[in-house]
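Atoms within each ligand, like the ligands themselves, are counted from 1 in listed order. All values below come from the heavy atoms of this structure, side chains included, with hydrogens, waters and symmetry mates left out.
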Amino acid sequence: MTDALNCLMLPGDGIGPEIIESAETVLQSLISIYELPVQISHGVIGLKALAQTGTTMPPDVEQCMRAADMIVLGPLDTMAYVPDEGGINVSAFCRTELGMFANLRPCVSLNSSALKSMDLLIVREASEGFYADRNMYRGLGEMQLTEDVAISVRKITRQQSERIARIAFEAARERRSHVTAVHKANNFRITDGLFLEAVRAVATEFPDVILSDQLVDSMAALLVRQPEVFDVILTTNLFGDILSDLASELSGSLGIGGGLLAGTHQCAAQAQHGSALDIAGTGRANPLSILRSLALMLEWISINRGIDQCKHASIVLETAIRTLVVDRLILTPDLGGTASCQEVTSAILSSLSELRETSE
Ligand code: NAD
């Protein structure tokens with residue numbers, strides 16, 4: 001009997017509590033249908049934790065995060081966080097302190113609400129790059145020299161570039177065997193030059209995978225013009241963040257963009273979108289992005305912990321999501337429907353039960 005794995009639910013801000021409730025209900029259902037060796041625990045982070053404890057990531061939650069096998073991480077209203085006043089970015093903590101350096105963001109068009117047809121995977125380096133809170137040993141990679149002059153520093157390392165490249169090439173082997181490295185080496189000759197050099201070195205270990213490269217600005221245009229030609233897009237932190245929102249929205253909605261943060265020992269299901277304050281509390285939040293992230297998390301656990309039931313649960317969940325979107329029956333307003341977050345969750349639960357019955 002496998003020891004139960006711990007899955008920590010962290011709702012976060014804005015629409016976070018609504019979509020994480022959906023994720024927990026669906027995970028509970030999968031645990032009971034497929035007898036997954038997974039135990040759910042809870043933590044409070046974000047602005048609610050700040051009001052209660054003075055920090056967005058209280059020390060007891062930090063301990064739980066370190067001990068968890070997997071985390072379901074809600075979006076954070078990081079724009080409202082003040083670093084000197086308890087505003088710790090929990091997502092950045094996962095990427096740096098917990099070692100979840102890889103951010104996998106699949107973008108797949110499923111129905112006619114998609115502006116473009118695509119089936120691609122963005123592999124984004126998540127632990128360094130232009131993000132001021134994760135690119136310095138001490139202090140922040142952003143500073144103000146005078147009242148009118150501010151600068152940012154970007155960190156690119158050979159080690160992390162090679163590490164993320166391996167993830168991309170391995171993923172491509174399971175897909176259509178093509179990696180496109182996205183960069184801006186015509187201007188950032190040293191940093192993006194180093195990134196490209198590392199990617200090309202790793203490519204020699206994967207002779208069965210084709211490598212091409214593209215400047216990030218033309219990549220944005222090509223994503224709009226012909227996204228169907230891309231398979232795996234490998235890029236640095238900021239470029240990956242921007243391109244994945246573009247690709248998700250073109251594939252239907254940011255509300256269906258699932259994501260996984262992965263390290264060597266732990267992973268976190270984290271949707272591509274933010275806290276969507278404009279629709280928080282209205283019931284309009286689409287839970288499919290976090291549910292697709294949940295499917296990615298279960299797949300990662302099945303591979304990394306050798307638990308076959310998790311693979312099965314992951315496939316069935318993704319099938320239920322795709323069926324719901326393709327049939328266009330019960331969808332939230334971002335996908336052209338009128339259903340609420342709870343109604344979509346109920347539809348997914350019914351679909352999971354039906355899929356179980358048909359497989360019996
Ligand atoms: P956002 O992703 O929250 O929202 C952009 C647009 O997409 C909004 O119109 C929103 O309503 C819509 N949208 C997003 N998720 C949706 C969903 N599940 N269903 C339906 N519609 C959805 O981006 P923003 O408004 O620029 O940022 C809001 C806050 O989130 C900011 O504080 C930002 O810093 C933060 N943020 C956090 C994360 C994260 O925690 N991973 C990521 C991005 C932004």
**OP:** Let me know which of T235, V179, L104, N103 forms a side chain to side chain contact (heavy atoms under 4.5 Å, CB included) with V123.
**Re:** L104
Subject >> Proximity to ligand 1 by part of N286, non-hydrogen separation under 4.0 Å >> reply: both
Original post:
Are any non-hydrogen side-chain atoms of L260 and M100 less than 4.5 angstrom apart?
Top reply: no
Subject >> For atom 32 (O) of ligand 1, the protein heavy atom that lies nearest, with its residue and separation >> reply: D77 OD1, 2.5 Å
**OP:** Say whether L277, considering both its backbone and side-chain N or O atoms, lies within less than 3.5 Å of an N or O atom on ligand 1.
**Re:** no
Original post:
Any salt bridge between E128 and R134, counting N to O under 4.0 Å?
Top reply: no
Original post:
Which residue owns the protein heavy atom closest to atom 35 (C) of ligand 1, what's the atom, and how far is it?
Top reply: L76 O, 3.1 Å
**OP:** Provide the number and element of each atom of ligand 1 under 4.0 Å from a heavy atom of P75.
**Re:** 40 (O)
Subject >> The single option from D133, L50, I88, L47 passing side chain to side chain contact (heavy atoms under 4.5 Å, CB included) against Y81 >> reply: L47
Subject >> Identity and separation of the nearest protein heavy atom to atom 34 (O) of ligand 1 >> reply: T78 OG1, 2.7 Å
**OP:** Identify, for atom 1 (P) of ligand 1, the protein heavy atom at the shortest distance, and state residue, atom and that distance.
**Re:** G274 N, 3.5 Å
Original post:
Is the shortest distance from atom 3 (O) of ligand 1 to a protein heavy atom below 4.0 Å?
Top reply: yes
Subject >> Pairs flagged by ring-ring contact (aromatic ring centres under 6.0 Å, His included) wherever residues 157-213 is involved - sequence neighbours left out >> reply: F169-F206
**OP:** Report the part of I15 in contact with ligand 1, treating N, CA, C, O as backbone and CB onward as side chain, heavy atoms under 4.0 Å; options are side chain, backbone, both, neither.
**Re:** side chain
Subject >> Residue and atom name of the nearest protein heavy atom (relative to atom 6 (C) of ligand 1), distance in Å to one decimal >> reply: L254 CD2, 4.4 Å
Original post:
Heavy-atom distance from atom 18 (N) of ligand 1 to the protein below 4.0 Å?
Top reply: yes
**OP:** Can you pull out the closest protein heavy atom to atom 14 (C) of ligand 1? Residue, atom name and distance to 0.1 Å, please.
**Re:** H273 CB, 3.5 Å
Original post:
Among protein heavy atoms, which lies nearest atom 41 (N) of ligand 1, and at what distance?
Top reply: Q270 NE2, 3.2 Å
Subject >> SB check E125 R163 (cutoff 4.0 Å) >> reply: no
Subject >> Minimum heavy-atom distance between I330 and A347, given as atom pair plus value >> reply: CD1-CB, 3.8 Å
**OP:** Pull out every atom of ligand 1 sitting under 4.0 Å from any heavy atom of M79, numbered as shown with elements.
**Re:** 31 (C), 32 (O), 34 (O)
**OP:** Please work out which of A280, C341, S275 has its closest non-hydrogen atom nearest to atom 29 (C) of ligand 1.
**Re:** S275
Subject >> For atom 22 (C) of ligand 1, closest protein heavy-atom neighbour >> reply: I279 CD1, 4.0 Å
**OP:** State, with a plain yes or no, whether a side-chain heavy atom of R105 is found less than 4.5 Å away from one of S248.
**Re:** no
Subject >> Student check: side-chain heavy atoms of L349 and V26 closer than 4.5 Å >> reply: yes
Original post:
Which residue, I167, L211, I164, forms the side chain to side chain contact (heavy atoms under 4.5 Å, CB included) with L234?
Top reply: I164
